[in-house]
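So the structure is just underneath, and the comments pick up after that.
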Protein chains: 2
Amino acid sequence: MRSYGEYCAIAKSLDVVGDRWTLLIVRELALRGPSRYTDLRGGLPGIATNLLADRLRELEHAGVITREDAPPPIATTLYRLTPRGEDLRPLLDELFRWGLPLMTEQNPEDAVRSHWLAGAIGLMLTDRTPDAPPVTVELRTGDQPIVIETRDGTIHTRLGPAESADATLTGPPKPILGLLLGLLGPADAKAGGVDFGGDTTIIERITA
Amino acid sequence: MRSYGEYCAIAKSLDVVGDRWTLLIVRELALRGPSRYTDLRGGLPGIATNLLADRLRELEHAGVITREDAPPPIATTLYRLTPRGEDLRPLLDELFRWGLPLMTEQNPEDAVRSHWLAGAIGLMLTDRTPDAPPVTVELRTGDQPIVIETRDGTIHTRLGPAESADATLTGPPKPILGLLLGLLGPADAKAGGVDFGGDTTIIERITA
DNA sequence: CAGCATCCGCTTTGATACTG
DNA sequence: CAGTATCAAAGCGGATGCTG
């Protein structure tokens with residue numbers, strides 16, 4: 001990207017991370033941790049491969065990421081956020097918060113990746129009864145299951161199946177999100193295609 | 001900008017405000033309040049006028065800004081942030097914070113506008129002795145003076161000359177910023193071209 | 001297969017000129 | 001003042017090819 005040529009902190013930030021795809025690459029590294037080139041591409045559907053290579057170079061040059069050889073026996077290079085790159089997390093959080101209302105419009109051709117939802121869900125849920133025993137909810141939507149766990153009154157999310165879920169939600173991402181956000185009641189969510197499993201009262205405990 | 005086509009809140013935010021110039025237009029409206037087309041152009045040196053017109057249309061369509069006729073006798077239209085647009089302020093703040101370290105590099109051809117600095121300076125200064133009598137500092141840099149005032153222990157900034165400043169700093173923006181950020185001592189700031197006026201001990205009171 | 005580089009058609013941007 | 005019109009240059013998306 002051409003520099004804006006402004007002596008302004010906001011413009012200088014955008015000089016570095018304002019390019020198309022750049023912040024989404026940072027998002028991938030923030031959500032997945034150190035990643036291979038191919039995994040990044042999988043999380044950025046539609047990016048041209050040369051563009052990904054260009055952006056990674058620029059981000060490395062700007063001190064936002066580093067490339068490193070993975071420890072043996074894995075023969076690949078990993079891309080990782082530097083501390084300066086980690087400092088972008090609050091910015092990603094703000095983008096997430098501002099964009100959340102837009103999630104009510106799901107374009108049919110929108111790609112869905114569970115890890116996009118997982119990392120963000122923790123930002124919007126709270127455990128209403130933190131002193132009650134911890135619970136586990138599994139969301140079955142997107143390309144892999146999402147596990148929501150309460151620990152010490154805070155919400156944690158991770159990918160992959162739960163060993164034992166107290167409740168499960170299965171269905172399209174939009175009504176599941178609507179339910180968790182408190183925009184949809186259980187009846188509306190069911191009508192939207194969500195299947196409830198296990199102890200459904202738990203859902204109320206963690207919805208916003 | 002083409003949509004990223006991702007069912008992800010961050011990507012959906014960027015679908016709306018990720019275009020080149022878009023967030024800088026929001027910055028202008030956030031810093032200046034309701035503005036005329038020509039004033040926006042003045043705060044966005046280098047933007048092509050057709051592009052500004054395009055972006056304003058898109059932002060209006062996205063519900064981020066509104067255009068309205070100014071009250072008589074002024075015959076012009078004003079652009080103003082909607083509440084949804086105001087919600088972008090925390091995002092601008094994060095961009096500002098992340099970009100602040102980049103302000104140590106000032107490209108000689110970087111444009112300087114006082115209002116870019118003024119709105120942001122309040123984010124980084126604190127009054128260390130809030131119980132002491134309020135003070136006023138005037139910065140003479142950029143295209144117009146900046147007034148820093150302490151009120152009730154918090155820092156306020158505005159543009160335009162101060163009626164009576166307790167201290168003044170005159171010179172190039174970079175060393176003035178370095179001084180206020182605590183990166184430069186008074187001697188270094190002087191060496192960088194900063195002229196001190198009035199009671200310079202006040203500067204220490206408000207530097208980060 | 002992972003990790004790019006090259007090429008090509010298309011879209012977006014930047015610069016300038018022009019108009020109500 | 002507040003834009004629209006035009007056009008060259010840069011950037012992007014998609015396909016393909018190369019290298020360890």
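Just so it is clear: chains get the letters A, B, ... in the order the sequence lines come, proteins before strands, and each one is counted from 1.
Looking at which nucleotide of DNA chain D each of A:I47 and B:D54 is closest to, the 5′-most match is held by B:D54. Each of B:G46 and A:R67 was matched to the nucleotide of DNA chain C holding its nearest heavy atom; the match closer to the 5' end belongs to A:R67.
In summary, A:R158 and A:E163 engage in a salt bridge, as defined by a charged side-chain N under 4.0 Å from a carboxylate O. Ion pair B:R32/B:D39 not flagged as a salt bridge, since none of the NZ, NE, NH1 or NH2 atoms sits closer than 4.0 Å to an Asp/Glu carboxylate oxygen. Under a 4.0 Å N-O distance rule, the pair B:R140/B:E138 qualifies as a salt bridge.
Counting only distance, with no hydrogens or angles, the side chain of B:D166 and the backbone of B:I202 share no donor-acceptor pair below 3.5 Å.
Taking atom CD of residue A:E68 and atom P of nucleotide C:dG3, one finds them 13 Å apart after rounding to whole Å. Atom CD1 in A:I25 sits about 12 Å away from atom P in C:dC4, given to the nearest Å. In this structure, the CG atom of B:L14 is 14 Å from the P atom of D:dC12, given to the nearest Å. Atom-to-atom, CG of A:L51 to P of C:dG3 comes out at 17 Å; the value is rounded to the nearest Å. Rounded to an integer number of Å, the gap from B:L52 CG to D:dT4 C1' is 13 Å. When the P atom of C:dT11 is taken as reference, atom CD of B:E58 falls 16 Å away, rounded to whole Å. For the pair B:R41 CZ and D:dG3 P, the computed distance is 11 Å after rounding to whole Å. For A:D39 and C:dA2, the CG to C1' distance is 10 Å, given to the nearest whole Å.
Side-chain proximity of A:T76 to C:dG14, C:dA2, D:dA5: nearest is C:dA2. Taking every side-chain heavy atom of B:W21 into account, C:dG14 is the closest of C:dC7, D:dC1, C:dG14. Picking from D:dG3, D:dG13, C:dG3 the nucleotide with the shortest atom distance to the side chain of A:T77 gives C:dG3. Among D:dG14, D:dT4, C:dG3, the nucleotide with an atom closest to any side-chain atom of A:Y37 is C:dG3. Comparing atom distances between the B:N50 side chain and each of D:dC12, C:dA15, C:dA2 picks out C:dA15 as nearest. The side chain of A:Y79 has C:dC4 as its nearest neighbour among C:dG3, C:dC4, D:dC1. Distance from the side chain of B:R2 is smallest for D:dG13 among the nucleotides D:dG3, C:dC4, D:dG13. In this structure, of D:dG14, D:dT4, D:dA15, it is D:dT4 that holds the atom nearest to the side chain of B:A53.
When B:E68, B:E60, B:R67 are each tested for a side chain to side chain donor-acceptor pair (under 3.5 Å) with B:Y79, only one passes: B:R67.
With no hydrogens or angles considered, a side-chain donor-acceptor pair links A:T49 and A:Y37 at under 3.5 Å.
Close to D:dC12, at under 4.0 Å from its OP1 or OP2, lies a side-chain N or O of A:R55. OP1 or OP2 of C:dG14 lies within a sub-4.0 Å distance of a side-chain N or O belonging to B:R20. Within the 4.0 Å cut-off from OP1 or OP2 of D:dT4, at least one side-chain nitrogen or oxygen of B:R57 is found.
A:T38 comes within 4.0 angstrom of the backbone, heavy atoms only, and of no base.
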